[in-house]
Amino acid sequence: MRPSSSFNAQVYALVRCIPPGKVLSYGRVAEMLGVPHGAREVGWALSALKQARNEPPVPWHRVLNAQGRISIKGSPEAALEQRLRLEAEGVVFDEHDTLDMSRYQWNPSPPELAALLQRIRAETSGRD
DNA sequence: CAATTGACTTGAT
DNA sequence: TATCAAGCCAATT
């Protein structure tokens, strides 16, 4: 579990930067972290979150699939919780339980993102 | 070490 | 617009 633990930490750090009422897709998170095809890894990192203590709390509910739909499998309760948390932040799902990604997806400006990534990398480089 | 699985994505039917 | 199949990558069995 060596190499990816640092990746997980980066995922958590980045997800913590998503503003309330905004969301990110798994693939987008992976892409931002420099792993273009690491969408499933991001899902893995987040699923591991429920057993690993996370402080400060990671707003895992702000991450869903590229279609704008909740993608939690095997736990309807968790899926419902995710939806409720999002709606509590003002996000509105349409009649197909889908949300408009073009509207809700978080799009930081390139310089802002670069600075963010730099800080995240500094944060997660030493610890493990 | 091979097969299976999963909070994914994309492109073809 | 809805389904299917094939990639992808780490963790588990």
Side-chain angles (χ1 to χ4, degrees):
Chain A
M1 194 184 251
R2 315 278 148 290
S4 63
S5 59
S6 146
F7 176 77
N8 284 17
Q10 292 181 40
V11 170
Y12 303 151
L14 180 55
V15 171
R16 274 194 274 255
C17 296
I18 306 175
K22 289 293 180 179
V23 302
L24 233 43
S25 72
Y26 298 93
R28 196 84 180 110
V29 171
E31 187 177 300
M32 285 175 170
L33 291 178
V35 186
H37 300 287
R40 309 193 84 137
E41 281 189 70
V42 174
W44 241 102
L46 295 183
S47 68
L49 205 49
K50 53 177 178 285
Q51 26 189 1
R53 69 183 167 296
N54 44 320
E55 297 178 21
V58 175
W60 52 270
H61 58 281
R62 295 184 193 137
V63 182
L64 26 85
N65 66 29
Q67 303 173 1
R69 314 184 74 183
I70 289 176
S71 190
I72 295 181
K73 295 178 176 179
S75 177
E77 298 182 5
L80 179 59
E81 180 184 352
Q82 177 168 19
R83 174 166 180 153
L84 292 179
R85 282 184 181 232
L86 285 172
E87 290 180 335
E89 296 181 349
V91 172
V92 178
F93 287 80
D94 67 12
E95 64 279 4
H96 290 89
D97 299 322
T98 303
L99 58 80
D100 185 354
M101 290 302 275
S102 68
R103 174 176 175 180
Y104 292 111
Q105 186 163 61
W106 179 44
N107 288 317
S109 65
E112 182 181 0
L113 177 59
L116 218 50
L117 290 177
Q118 186 175 354
R119 184 168 64 76
I120 288 174
R121 185 166 296 189
E123 266 182 22
T124 58
S125 62
R127 81 179 54 157
D128 196 324

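The model shown is predicted, which means the values in this text are computed figures rather than measured ones. Letters A, B, ... mirror the listed sequences (proteins, then strands); counts begin at 1. All heavy atoms count here, side chains included; hydrogens, waters and symmetry mates do not.
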K.L.:
Could you give the CE-to-P distance, from M32(A) to dT9(B), as a whole number of Å?
P.N.:
13 Å
K.L.:
Could you tell me the separation between the CZ atom of F7(A) and the P atom of dA10(C), rounded to a whole number of Å?
P.N.:
9 Å
K.L.:
How long is the line joining CD of E31(A) and P of dC8(B), in whole Å?
P.N.:
17 Å
K.L.:
So which nucleotide from dA2(C), dA10(C), dA7(B) ends up closest to the side chain of S47(A)?
P.N.:
dA7(B)
K.L.:
Specify the separation, in whole Å, of atom CE of M101(A) and atom P of dT9(B).
P.N.:
8 Å
K.L.:
Please state how far atom NE2 in H37(A) lies from atom P in dA6(C), giving the value in whole angstrom units.
P.N.:
18 Å
K.L.:
Among dG7(C), dA10(C), dA7(B), which nucleotide has an atom closest to any side-chain atom of I72(A)?
P.N.:
dA7(B)
K.L.:
Under 4.5 Å between any side-chain heavy atoms of W60(A) and I72(A), yes or no?
P.N.:
yes
K.L.:
Select one nucleotide: of dA10(C), dA7(B), dC8(C), the one nearest the side-chain heavy atoms of W44(A).
P.N.:
dA10(C)
K.L.:
Give DNA chain B the dot-bracket treatment, 5' to 3': Watson-Crick (N1-N3 with N6-O4 or O6-N4) or G-U (N1-O2, O6-N3) under 3.5 Å, [ ] crossing, | other strand.
P.N.:
.|||||.||||||
K.L.:
Test side-chain contact (heavy atoms from CB on, under 4.5 Å) on Y104(A) and V92(A); report intermediate values, then the result.
P.N.:
CA-CA 9 Å; Y104(A) 292 111; V92(A) 178; 3.7 Å; yes
K.L.:
Hey, which of these two, H61(A) or Q67(A), hits DNA chain B nearer its 5' end, going by closest nucleotide?
P.N.:
H61(A)
K.L.:
Select base, sugar-phosphate, or nothing to describe what S25(A) touches, counting heavy atoms under 4.0 Å on all strands.
P.N.:
sugar-phosphate
K.L.:
Looking only at the side chain of A66(A) (C-beta and beyond, no hydrogens), which of the listed nucleotides dT10(B), dA7(B), dC8(C) gets closest?
P.N.:
dT10(B)
K.L.:
Check whether any side-chain heavy atom of V63(A) sits under 4.5 Å from a side-chain heavy atom of I18(A), and report yes or no.
P.N.:
yes
K.L.:
Taking the side chain of L46(A) as heavy atoms from C-beta outward, which of dA7(B), dA10(C), dG7(C) is closest to it?
P.N.:
dA7(B)
K.L.:
I'd like to check N107(A) versus L113(A) (side-chain heavy atoms, cut-off strictly below 4.5 Å). Are they in contact?
P.N.:
no
K.L.:
Is the closest side-chain heavy-atom distance between D97(A) and R83(A) below 4.5 Å?
P.N.:
yes
K.L.:
The test is side-chain contact (heavy atoms from CB on, under 4.5 Å); show your working for F93(A) and I70(A) and say whether it passes.
P.N.:
CA-CA 10 Å; F93(A) 287 80; I70(A) 289 176; 4.1 Å; yes
K.L.:
Look at E89(A) together with R85(A) and state whether they make a salt bridge at an N to O cut-off of under 4.0 Å.
P.N.:
no
K.L.:
May I ask you to say what G38(A) touches in the nucleic acid, namely base, sugar-phosphate or nothing, with a heavy-atom cut-off under 4.0 Å?
P.N.:
nothing
